[in-house]
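Here is the naming used below: chain letters follow the sequence lines, and residue numbers restart at 1 for every chain.
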Amino acid sequence: MADSAPLRFHVPEPEVRPGDTPDFSKVVIPEAGSVERPPVDAEPESIRKLAFSIIRVLNRKGEAVGPWAGALTDAELTDGLRHMMTLRAFDARMQMAQRQGKTSFYMQHLGEEAVSTAFRKALEKGDMNFPTYRQAGLLIADAYPMVDMMNQIFSNDHDPLKGRQLPVMYSSREHGFFTISGNLATQFVQAVGWAMASAISGDTRIAAAWIGDGSTAESDFHSALVFASTYKAPVILNVVNNQWAISTFQGIARGGAGTFAARGLGFGIASLRVDGNDYLAVHAVAKWAAERARSNLGPTLVEYVTYRAGAHSTSDDPSAYRPKTESDAWPLGDPILRLKNHLIVRGIWSEERHKQAEAEVMDGVIAAQKEAERHGTLHSGGKPSVRDIFEGLYEEMPPHLRRQRQQAGV
Amino acid sequence: MPRKTMIEAIRDGLDVMMDRDKRVVVYGEDVGYFGGVFRCTAGLQAKYGKTRCFDAPINESGIVGTAIGMAAYGLRPCVEIQFADYMYPAYDQLTQEASRLRYRSAGDFTCPLVVRMPTGGGIFGGQTHSQSPEALFTHVSGLKTVVPSNPVDAKGLLIAAIEDPDPVIVLEPKRLYNGPFDGHHDRPVTSWSKHELGEVPDGHYVVPLGKAAIRREGAAVTVLAYGTMVHVALAAAEETGIDAEVIDLRTLVPLDLDTIVASVNKTGRCVVIHEATTTSGYGAELVALVQEHCFYRLEAPIGRVAGWDTPYPHAQEWDYFPGPARVGRALVEAMEA
């Protein structure tokens with residue numbers, strides 16, 4: 001004992017900090033098309049290596065290659081591009097609206113547009129997502145009215161959530177979008193419960209759980225894996241690895257594990273990594289996992305390897321903790337640019353059409369914003385009723401709330 | 001009418017509801033094949049199958065979290081936390097998720113969920129098998145909290161909880177599982193089979209949430225109690241000979257304030273009892289409400305008898321437990337003030 005050296009405490013650090021040159025040399029990126037596509041009924045044990053690789057379809061030339069390519073029609077692909085462009089334009093306008101004081105807060109998706117928009121198109125009507133705050137693309141790709149999203153962000157008198165929720169914390173049962181919690185990871189295990197209920201009921205619908213890389217450290221992430229694995233729940237367990245949990249790099253939550261997908265292996269869950277900036281790859285993997293869930297083959301864990309190009313939220317300043325040019329150096333590129341190039345290579349798109357589409361999309365977003373602002377913004381115009389504070393906590397208002405409502409004079 | 005223990009009454013309530021409503025699903029640690037450590041769910045898996053009653057991993061947050069998802073889907077999960085003391089890992093799911101789904105989604109998603117948990121002391125359970133965490137739930141907007149004191153209520157309140165469209169916490173006093181208990185550790189527990197409140201009707205019936213019961217009518221002082229303490233209060237009233245009116249609250253949220261106010265306005269005196277620790281306990285809420293609503297009718301300070309502000313000790317359990325002697329002293333003090 002006396003000869004033992006003092007113990008050392010280890011705190012992981014990212015490769016670079018502000019002022020350094022961005023360095024993603026340690027991110028191993030396989031060639032597009034090089035990763036196998038196993039049958040959906042593959043035993044998790046037989047596809048362990050997919051938890052350490054990255055499934056990619058679009059190569060540097062904009063071609064769709066390999067076994068995961070080829071599932072989408074021209075119309076579906078142009079729709080996909082439009083969804084991503086809409087989300088980006090929506091973000092730009094709402095980010096600006098927050099800076100103009102029209103709402104308190106906003107969270108954008110810059111760089112991650114492919115993840116939620118492509119995933120949504122792999123689901124069917126009636127399936128349920130349990131999202132975080134960075135999957136608004138699920139709503140946009142399902143044609144949820146943008147003006148209602150903005151009404152929610154502005155907390156005006158047309159806000160479907162009556163001014164009770166932080167901006168971007170949408171809810172829509174009809175569009176398969178579970179009410180968002182600010183408490184991290186709680187929804188991950190709820191999604192598993194929803195999927196268990198669907199199986200118990202002999203239904204055909206499946207659930208999708210969503211979490212960020214940082215929140216995989218929460219107990220509920222592990223609880224969800226236990227329950228999903230134990231009951232072979234028809235659920236897709238999505239981990240969006242965008243490299244940063246506010247200012248904390250992904251190495252802090254990941255610990256000694258090789259990847260976040262590898263978390264699933266100890267639970268016997270089929271676990272894959274996918275290029276999160278590749279619309280086609282995301283869609284193909286989501287489709288594979290959905291088919292697996294719907295065929296009673298159990299849960300799939302999917303890690304989307306992507307990069308949060310923007311700030312965490314309007315309250316965040318990423319230049320304080322990472323190099324300013326890091327997002328440009330991200331080796332998987334920009335999801336919109338990559339799909340655009342693919343459509344051009346495919347001969348169904350052009351630079352001119354893209355410019356025109358950008359203008360159309362922005363016009364649509366501006367029109368929706370004008371309509372939403374007619375109902376009011378956070379600090380001006382129509383507001384939800386003060387009476388709404390007391391309504392709808394319970395189905396039937398109990399006497400103590402009735403007394404408090406009277407005290408409030410509403 | 002058959003007489004049942006509280007355990008049998010709870011099992012009967014679950015059976016009735018599983019039979020009536022295919023959406024009712026029962027799960028938790030050990031509740032399936034074995035039927036629960038207190039045997040409340042014995043036989044349910046054999047009768048309804050493994051998809052309606054099943055064992056869960058030892059993961060309270062997972063049990064409640066999955067139950068929230070199930071409830072949002074449209075089932076009626078009724079889950080068991082093996083002891084109330086083990087509820088804390090699930091506390092986030094209960095208090096920030098289950099309680100708020102309806103509100104935060106403006107009714108888009110609801111959470112008709114029941115969480116049962118054995119609570120309270122008196123079985124030599126030590127610090128981690130004896131807690132009474134009701135105040136942790138009553139403080140939370142959006143939850144309802146129920147504490148039965150006898151088999152007939154346990155079944156009727158449980159059925160009401162399962163049929164309720166919102167999340168309900170049912171705290172089952174384990175000291176009362178087999179019979180009423182007057183707080184004297186050196187006397188045997190009387191079986192419910194010898195007690196009128198052991199008479200449990202067959203089939204479906206409801207004891208509505210939010211309605212208190214007057215267990216003993218009296219004119220001199222009102223005693224507010226729930227769970228095990230109802231029986232302790234009755235014993236204290238008998239032993240002191242004081243003409244106490246004993247109110248069994250049955251539901252803490254929503255609370256039957258009208259019954260409380262009517263009684264205290266009649267007696268002019270009030271003593272509040274509970275087993276949980278004193279500071280910031282539910283008794284503080286009761287005292288505040290009585291003060292707000294009955295101040296000009298009060299003839300004495302409102303008394304409060306509760307557990308000491310320490311963890312629940314093992315060997316000194318009966319010095320911790322608010323028994324008839326302590327309650328009796330509080331009644332005498334209220335009468336002499």
Side-chain angles (χ1 to χ4, degrees), chain A residues 128 130 159-165 169-174 177-183 185-203 205 207 209 219-220 222-231 233 235 388 391-396 398-401 403, chain B residues 22-23 25 27 50-52 54-75 77 89-90 92-93 95-112 141-144 164-167 209-210 251 253-258 289:
Chain A
M128 186 62 69
F130 287 73
D159 173 4
L161 306 183
K162 305 185 177 186
R164 292 170 182 157
Q165 274 275 48
M169 296 205 179
Y170 317 102
S171 172
S172 174
R173 175 184 283 275
E174 192 193 339
F177 194 96
F178 191 71
T179 161
I180 292 180
S181 176
N183 298 62
T186 49
Q187 76 286 351
F188 215 67
V189 68
Q190 292 163 8
V192 176
W194 196 99
M196 288 164 64
S198 186
I200 286 169
S201 307
D203 200 345
R205 296 179 289 164
S219 305
D220 277 345
H222 302 267
S223 301
L225 295 186
V226 171
F227 278 74
S229 166
T230 298
Y231 301 111
V235 63
D388 279 331
E391 302 281 348
L393 178 61
Y394 301 92
E395 183 176 88
E396 192 178 336
H400 68 284
L401 275 183
R403 284 196 301 276
Chain B
K22 286 201 164 19
R23 298 174 301 170
V25 176
Y27 64 106
K50 284 198 297 186
T51 59
R52 300 280 308 282
F54 54 89
D55 291 322
I58 304 173
N59 184 321
E60 289 78 11
S61 185
I63 291 170
V64 174
T66 53
I68 291 168
M70 279 198 199
Y73 172 91
L75 295 187
D92 185 38
Q93 288 285 355
T95 60
Q96 307 207 68
E97 299 293 322
S99 63
R100 296 183 194 168
L101 288 192
R102 178 189 294 280
Y103 190 75
R104 79 177 194 220
S105 70
D108 199 23
F109 294 93
T110 61
C111 191
S141 317
L143 295 180
K144 295 178 179 177
D164 196 274
D166 291 305
L209 306 184
T251 309
V253 174
L255 180 69
D256 185 355
L257 185 61
D258 292 346
L289 284 168

Output for pair (Arg403(A) CZ, Leu289(B) CG), nearest 0.5 Å, gives 6.5 Å

So CD of Glu60(B) and OG of Ser219(A): to nearest 0.5 Å the spacing works out to 11.5 Å

Please list, chain by chain and in numerical order, all residues satisfying salt bridge (charged side-chain N to carboxylate O under 4.0 Å, His left out) with Arg23(B), sequence neighbours excluded.
-> Asp21(B)

Which one wins on heavy-atom pair count under 4.5 Å against chain A: [options]?
options                                    : answer
Cys111(B), Ala67(B), Ser105(B)             : Ser105(B)
Thr110(B), Leu255(B), Leu101(B), Asp164(B) : Leu101(B)
Gly210(B), Ala56(B), Ser99(B)              : Ala56(B)
Val25(B), Asp256(B), Ile63(B)              : Ile63(B)
Pro167(B), Pro254(B), Pro165(B), Ala71(B)  : Pro165(B)

Considering only heavy atoms from C-beta outward, does the side chain of [X] approach that of [Y] to under 4.5 Å?
X         : Y         : answer
Met196(A) : Leu75(B)  : no
Ile200(A) : Phe54(B)  : yes
Arg164(A) : Arg100(B) : no
Phe109(B) : Arg173(A) : yes
Asp108(B) : Thr179(A) : no
Tyr231(A) : Pro57(B)  : yes

Taking [options] one by one, which has the highest count of heavy-atom pairs under 4.5 Å against chain B?
options                                    : value
Ala233(A), Ser172(A), Pro399(A)            : Ser172(A)
Ala195(A), Ser198(A), Ala207(A)            : Ser198(A)
Ala191(A), Ala199(A), Ser201(A), Pro160(A) : Ser201(A)
Val192(A), Asp220(A), Asn183(A), Val226(A) : Asn183(A)
His222(A), Glu174(A), Arg205(A), Gln187(A) : Arg205(A)
Thr186(A), Thr230(A), Leu161(A)            : Thr186(A)

Identify which part of [X] has an atom lying under 4.5 Å from any heavy atom of chain A, answering side chain, backbone, both or neither.
X         : result
Leu209(B) : neither
Val64(B)  : neither
Asn59(B)  : both

For residues Glu97(B) and Ser181(A), is any side-chain donor paired with an opposing acceptor at under 3.5 Å?
-> yes

Given heavy-atom pairs under 4.5 angstrom as the criterion, report whether the side chain, backbone, both or neither of [X] touches chain B.
X         : answer
Met128(A) : side chain
Asp388(A) : backbone
Gln165(A) : side chain
Tyr170(A) : neither
Leu401(A) : neither

Using atom types as modelled and distance alone, determine if a side-chain donor or acceptor of Tyr103(B) lies under 3.5 Å from a backbone N or O of Glu391(A).
-> no

Taking all atoms of both residues into account, what is the closest heavy-atom pair of [X] and [Y], and its distance?
X         : Y         : answer
Phe178(A) : Ala72(B)  : CE1-CB, 3.6 Å
Leu393(A) : Ser141(B) : CD2-CB, 3.7 Å
Gly142(B) : Tyr394(A) : N-OH, 3.1 Å

